[in-house]
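Report on the structure given below.
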Amino acid sequence: MGMVFLLWSMNVFIKAVGLANSSCRGVEVCGNVTISYPFGIEPGCYIEDWIAIDCKNTLGSPKPFLRRLDLEVLDLSLEGTLHVNYPISWWCPTGNSTTVVSLASSPFVYSKLRNIFIAMSCDNLAYLLSNDSSLVIGGCISVCEEDTIKTNGSSCNGVDCSQTTIPSDLDAFTIRIQSMNELSPFERTKDCKYASLVDQKWFEENLTNHFEVRKMSHVPVVLNWEINANLSFLVMGIDSSHSTCQFANRSSSLGNMSSTFSCSCDSGFEGNPYLVDGCQGKLLAVY
Ligand SMILES: *[C@@H]1O[C@H](CO)[C@@H](O)[C@H](O)[C@H]1NC(C)=O
Ligand SMILES: *[C@@H]1O[C@H](CO)[C@@H](O)[C@H](O)[C@H]1NC(C)=O
Ligand SMILES: *[C@@H]1O[C@H](CO)[C@@H](O)[C@H](O)[C@H]1NC(C)=O
Ligand SMILES: *[C@@H]1O[C@H](CO)[C@@H](O)[C@H](O)[C@H]1NC(C)=O
Ligand SMILES: *[C@@H]1O[C@H](CO)[C@@H](O)[C@H](O)[C@H]1NC(C)=O
Ligand SMILES: *[C@@H]1O[C@H](CO)[C@@H](O)[C@H](O)[C@H]1NC(C)=O
Ligand SMILES: *[C@@H]1O[C@H](CO)[C@@H](O)[C@H](O)[C@H]1NC(C)=O
Ligand SMILES: *[C@@H]1O[C@H](CO)[C@@H](O)[C@H](O)[C@H]1NC(C)=O
Ligand SMILES: *[C@@H]1O[C@H](CO)[C@@H](O)[C@H](O)[C@H]1NC(C)=O
C-alpha cells in the first residue's frame, strides 16, 4: 500500500491580466452553464465582443447565447470547444427552412473532428454547400425503404438516414435539400426531409433512436474556438503561472487566414489557463 499526499496550491486568489476591471470574477453562471473567462457576460468581463454571452430569459429559464451569433450555448470548455444549439434544415410539403450562421472572421469554426452531416427521411438528396451556394462541399443521400418506412432509426446507414464527414476549418455553409424525384418530390412519402450538422457523439450516444432528430428544431453542434492573436497581450504573463499559450495560423474554408492563440494548463495543473494563477495544482498521488 502506498502513501498518498494531497498537494493543493493555496493560491486561491485569481486575477486576470485581461481583466483590468476588478469587479469581474472570471466565472459567471447562466442557467446550467458555467461561463469562464475569456468568455463573459458582464461588460468588460470578456476578452472580445465575439465571445460575449447574453444571459436571456427564455420561457422562464435563463439560457446563455453567443451575443453576436445568437446561438444558444449548451456548454463551454476551456479546452477550445463549445456546444451550441443549431437549427436544423427541413423541407416539407408545406414549406422549407434553412438557417445560415456565418462564423467568418469570428474565433469559431465548425469542428471537423466532432461533427457529422446527416440527412433524414425518404428520397433525400442533401447537399452541404459553400455559403454562397456556388460550391458543393459535402452531402449524402438517404434512400427509401420500400412501401412503408420499416427502419426504426437504430442505424444510420443510408436507409431513411445517412451521414458523412464535413471539411476542416468550415466557417460558413448552407444546406440544400432536394428530392431524388424532382418532378413529384413528395410522391413516395408525405414526410418532411431533414439535414443538419450534428455533434457525432450526441447523435450516436444520447438518442434512443436516430429519428428523434425529426421532432427537434435544434440539435447540438460543436464549435472550436481560439482567440485572435491580436489579443494575446491581454493574457501575457500567465506563462509564469503554470499555463502555456501557443500561436497558430488558421485558414478558413473561405480562404481567409487568421492568427490565433490558445492556452492550456501545464501537466499536473488544472483550472483556467487564461487567468493569472488560474491553473492550480492537481491532486498528486506519491507512492
Ligand atoms: C438545468 O438542468 C436541469 C437538470 O438537467 C433541468 O431540469 C433544468 O431545466 C436545467 N435548467 C436550465 C435553465 O436549462
Ligand atoms: C466592470 O464590471 C462591472 C460588472 O462586472 C460592469 O458593470 C462595468 O461596466 C465594468 N466596467 C468597465 C469599464 O468595463
Ligand atoms: C422554400 O420556401 C420558399 C418560401 O418560403 C419558396 O420560395 C421556395 O421555393 C422553397 N424552396 C423549395 C426548394 O421548395
Ligand atoms: C454568405 O452569403 C450571404 C448571401 O449570399 C452574404 O450576404 C454573406 O456576406 C456571405 N458571408 C460570407 C462570410 O461570405
Ligand atoms: C429495430 O431495432 C431493433 C433494436 O432496437 C433491431 O434489433 C431491429 O433489427 C431493428 N429493425 C430494423 C428493421 O431495423
Ligand atoms: C449526452 O449525454 C451525456 C450523459 O448523459 C451528457 O453528459 C452530455 O451532456 C450529453 N450531450 C449533449 C450534447 O447533450
Ligand atoms: C489585428 O491587428 C491588425 C494590425 O493591427 C489589424 O489590421 C487587424 O484588423 C486585426 N484583426 C482583427 C481581427 O482585429
Ligand atoms: C503565422 O504566419 C505568419 C505570417 O505568415 C508567420 O510570420 C508566423 O510565424 C506564423 N505563425 C505560426 C505559429 O505558424
Ligand atoms: C476575408 O474576410 C473579410 C472580412 O470578413 C471578407 O471581407 C473577405 O471577403 C474574406 N476573404 C475571402 C477570400 O473570403
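Remember, it's 1-based here, ligands and their atoms both numbered in the order they're listed. Counting from 1, the numbers follow the sequence of the chain as shown.
For the residue pair Ser154/Asn209, the side-chain donor-acceptor check at 3.5 Å is not satisfied. Between the side chains of Asp266 and His242, no donor-acceptor pair of N or O atoms lies under 3.5 Å. Ser36 and Asn272 share no side-chain donor-acceptor pair at under 3.5 Å.
Of the N or O atoms in His83, none lie within a sub-3.5 Å distance of an N or O in ligand 6.
Remark: ligand 6 atoms within the under-4.0 Å shell around heavy atoms of Asn206 are 1 (C), 2 (O), 3 (C), 8 (C), 10 (C), 11 (N), 12 (C), 14 (O).
Using the six-membered ring where Trp is involved, Trp225 and Tyr274 have ring planes that are tilted, between 30° and 60° apart.
When ring centroids are compared, Trp50 and Phe108 stay outside the 6.0 Å threshold.
The existence of a salt bridge linking Asp54 and Lys63 is excluded, since no basic side-chain nitrogen approaches an acidic carboxylate oxygen closer than 4.0 Å.
With a 6.0 Å cutoff to the six-membered ring centre and a 45° limit on the axis angle, Arg176 counts as a cation-pi contact of Tyr127.
Around ligand 8, the residues contributing at least one heavy atom under 4.0 Å from the ligand are Phe247, Asn249.
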